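Here the structure comes first, spelled out in structure tokens, and everything after it is commentary.
Indexing begins at 1, ligand by ligand and atom by atom, following the structure's order. In this text the structure is predicted, and so the values were computed from the model without any measurement.
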Amino acid sequence: MNPTPLAAIETYLREQRALVDQALEQFLPRAEEYPPAIHQAMRYSVLAGGKRLRPILCLETGRLFGGDEKSLLRLACSLELIHTYSLIHDDLPALDNDDLRRGKPTCHRAFGEATAILAGDALLTFAFETLSSPDPPLPAERRLRVIRELTHAIGTRGGMVGGQMIDLETTGQKTDATTLEFIHSAKTGAFFRAAVRSGALYAAAREDDLERVTVYGGMVGLAFQIVDDLLDVLGSKEALGKSVGKDGRQRKATYPALHGMEQSRRIASRLVEEACKVLAPYGSRAEKLKGIAEFLLIRTT
Ligand code: GRG
């Protein structure tokens with residue numbers, strides 16, 4: 001009997017996660033390497049789990065355009081290192097002040113605030129050390145374009161830190177739909193877009209292909225964050241491995257707060273539908289990317 005599409009995508013995601021986990025385990029500095037405290041904190045947060053969605057999107061987009069698996073895996077791991085840095089810093093007392101992440105005490109809870117700040121810094125730095133490694137070889141120009149792509153996506157101008165800044169500034173205030181879309185697209189969407197774009201760039205995709213995956217990545221990233229907002233209301237701490245209900249308590253700008261639950265779900269579904277349509281020219285070769293997008297709508301973790 002053929003597995004249901006949902007079971008098939010779940011199996012695929014599990015396999016891909018294992019691939020990324022194994023590579024991360026190898027790339028990260030050993031826990032006993034001097035100075036051990038920082039390496040232990042880095043490994044603790046990265047290897048605590050996580051869905052590895054950004055690396056998987058990057059790998060799958062790179063494969064779509066015939067990218068080399070070994071190079072793509074290095075790039076994919078760099079994305080996860082950056083993502084984990086953002087989670088560690090986001091959880092700090094000065095920001096979200098969270099105790100739980102990926103089902104475990106947050107980095108600052110486990111290692112102290114100073115070490116957690118350094119572990120975030122170290123992961124961000126290590127991501128670019130990993131990316132700039134000459135093994136496997138890659139034309140320097142292509143590598144540089146990817147580095148520029150990622151730095152822009154996590155920077156201040158329409159990227160992760162910029163989105164986070166506006167998120168902070170608007171907390172507790174009445175926020176309009178345009179500002180909210182900007183916050184989500186910058187804080188989360190830009191990095192999703194960079195995940196697929198960097199995979200495509202590594203595989204030397206053509207500009208028209210790059211444009212298609214850019215639209216896909218932005219829409220999927222925004223849909224992901226809307227579902228994240230919904231899960232903060234509907235999800236459980238046990239399944240998500242992080243605290244829930246915080247957005248409402250902190251009076252954060254979210255889709256459910258502004259548009260209501262039903263309308264937010266509809267917006268997310270429409271984004272995923274549109275994102276999948278953009279991939280139509282690739283036919284069944286883009287099945288996995290479509291499956292990942294659809295999975296994001298029904299995720300509970
Ligand atoms: C520089 C002090 C300082 C802080 C920066 C960059 C930053 C703080 C925050 C980034 C914004 C951020 C953390 C957005 C959250 C996006 C989000 C919903 C993350 C959760 O992603 P999942 O569900 O997590 O993919 P897992 O654990 O599965 O990897």
Side-chain angles (χ1 to χ4, degrees), residues 13-14 16-17 20-21 24 44-58 76-77 79-98 100-104 106-108 113-114 116-125 127 150-171 182-195 220-233 235 237 239-244 246-247 250 252-255 268 292-293 295-301:
L13 287 171
R14 206 168 31 249
Q16 295 304 303
R17 201 158 56 229
V20 173
D21 285 349
L24 282 166
Y44 171 86
S45 287
V46 175
L47 302 176
K51 297 179 284 297
R52 314 304 193 205
L53 288 171
R54 297 147 190 86
I56 295 172
L57 282 166
C58 169
C77 286
L79 295 173
E80 189 61 26
L81 298 173
I82 296 171
H83 171 56
T84 308
Y85 128 75
S86 79
L87 299 180
I88 294 176
H89 279 194
D90 197 45
D91 289 336
L92 286 170
L95 287 144
D96 266 0
N97 193 17
D98 255 309
L100 192 69
R101 172 67 69 180
R102 294 176 164 171
K104 289 177 140 187
T106 45
C107 193
H108 65 273
E113 197 176 341
I117 292 171
L118 291 179
D121 294 339
L123 287 172
L124 178 60
T125 311
L150 293 182
T151 47
H152 184 75
I154 62 177
T156 53
R157 292 178 292 182
M160 188 195 277
V161 175
Q164 178 73 5
M165 189 70 233
I166 312 212
D167 189 343
L168 275 178
E169 286 175 348
T170 53
T171 294
F182 175 82
I183 294 171
H184 280 20
S185 295
K187 192 176 78 169
T188 310
F191 198 41
F192 270 80
R193 211 163 45 227
V220 164
L222 180 55
F224 169 86
Q225 185 59 57
I226 297 173
V227 171
D228 205 73
D229 288 354
L230 288 164
L231 287 173
D232 188 68
V233 181
K237 183 174 165 179
L240 289 163
K242 61 179 181 181
S243 55
V244 292
K246 275 196 94 168
D247 294 344
Q250 295 180 341
K252 276 208 174 204
T254 66
Y255 269 68
I292 298 169
F295 174 79
L296 294 184
L297 290 176
I298 53 156
R299 73 185 175 100
T300 53
T301 63

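- Of all the atoms in ligand 1, the ones that sit under 4.0 Å from a non-hydrogen atom of Thr188 are 16 (C).
- Contact detail for Thr170 and Ala253: the closest heavy-atom pair is OG1-CB, 4.4 Å.
- For ligand 1 and Gln225, the ligand atoms under 4.0 Å from any heavy atom of the residue are 16 (C), 18 (C).
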Going by atom type alone, with no hydrogens or angles, which donor-acceptor pairs under 3.5 Å involve a side-chain atom of residues 222-229 and a protein atom two or more places apart or on another chain?
| from | atom 1 | to | atom 2 | distance (Å) |
| --- | --- | --- | --- | --- |
| Gln225 | OE1 | Thr188 | OG1 | 2.6 |
| Gln225 | NE2 | Asp229 | OD1 | 3.3 |
| Asp228 | OD1 | Lys242 | NZ | 3.4 |
| Asp228 | OD1 | Arg299 | NH2 | 3.3 |
| Asp229 | OD2 | His184 | NE2 | 2.6 |
| Asp229 | OD2 | Tyr255 | N | 3.0 |

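- Of the protein's non-hydrogen atoms, the one nearest atom 5 (C) of ligand 1 is His89 CB, 4.0 Å.
- Side-chain contact check for Ser243 and Asp98: at least one donor-acceptor pair (N or O, by modelled atom type) lies under 3.5 Å.
- With a 4.0 Å heavy-atom cut-off, ligand 1 is reached by no atom of Asp167.
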Checking Leu81 against Leu124 for the side-chain contact (heavy atoms from CB on, under 4.5 Å) test, could you report, in this order, the C-alpha distance in whole Å, the side-chain angles of both residues, the deciding distance, and whether it holds? CA-CA 6 Å; Leu81 298 173; Leu124 178 60; over 6 Å; no

Does Lys237 form a side-chain contact (heavy atoms from CB on, under 4.5 Å) with Leu100? I'd like the steps, not just the answer. CA-CA 9 Å; Lys237 183 174 165 179; Leu100 192 69; 3.7 Å; yes

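- Looking only at protein heavy atoms, the nearest one to atom 25 (O) of ligand 1 is Arg54 NH1, 2.7 Å.
- Looking at Arg54 and Glu80, no side-chain N of the basic residue comes within less than 4.0 Å of a carboxylate O on the acidic one, giving no salt bridge.
- Both the backbone and the side chain of Lys51 come within 4.0 Å of ligand 1, judged by heavy-atom distances.
- With a heavy-atom cut-off of 4.0 Å, His83 touches ligand 1 through its side chain alone.
- The protein non-hydrogen atom at the shortest distance from atom 27 (O) of ligand 1 is Arg102 NE, 2.9 Å.
- Under a cut-off of 6.0 angstrom, the local environment of NZ in Lys246 is crowded, with over 12 non-hydrogen atoms contributed by other residues, nucleotides or ligands.
- Counting atoms of ligand 1 from 1 in the listed order, those under 4.0 Å from a heavy atom of Gly50 are 26 (P), 27 (O), 28 (O), 29 (O).
- In this structure, the separation between CZ on Arg14 and CG on Asp21 is 13.0 Å, given to the nearest 0.5 Å.
- With hydrogens left out, the protein atom closest to atom 2 (C) of ligand 1 is Leu95 CD1, 3.6 Å, a heavy atom.
- At the top of the distance list for atom 6 (C) of ligand 1, counting protein heavy atoms only, stands Met160 SD, 3.3 Å.
- Per-residue contacts place Asp228 under 4.0 angstrom from the following atoms of ligand 1 (heavy atoms of the residue considered): 18 (C).
- Considering only non-hydrogen atoms, atom 7 (C) of ligand 1 lies nearest to Ser86 out of Ala48, Gly221, Ser86.
- Between atom CZ of residue Arg101 and atom CD1 of residue Ile88 there is a gap of 9.5 Å, rounded to the nearest 0.5 Å.
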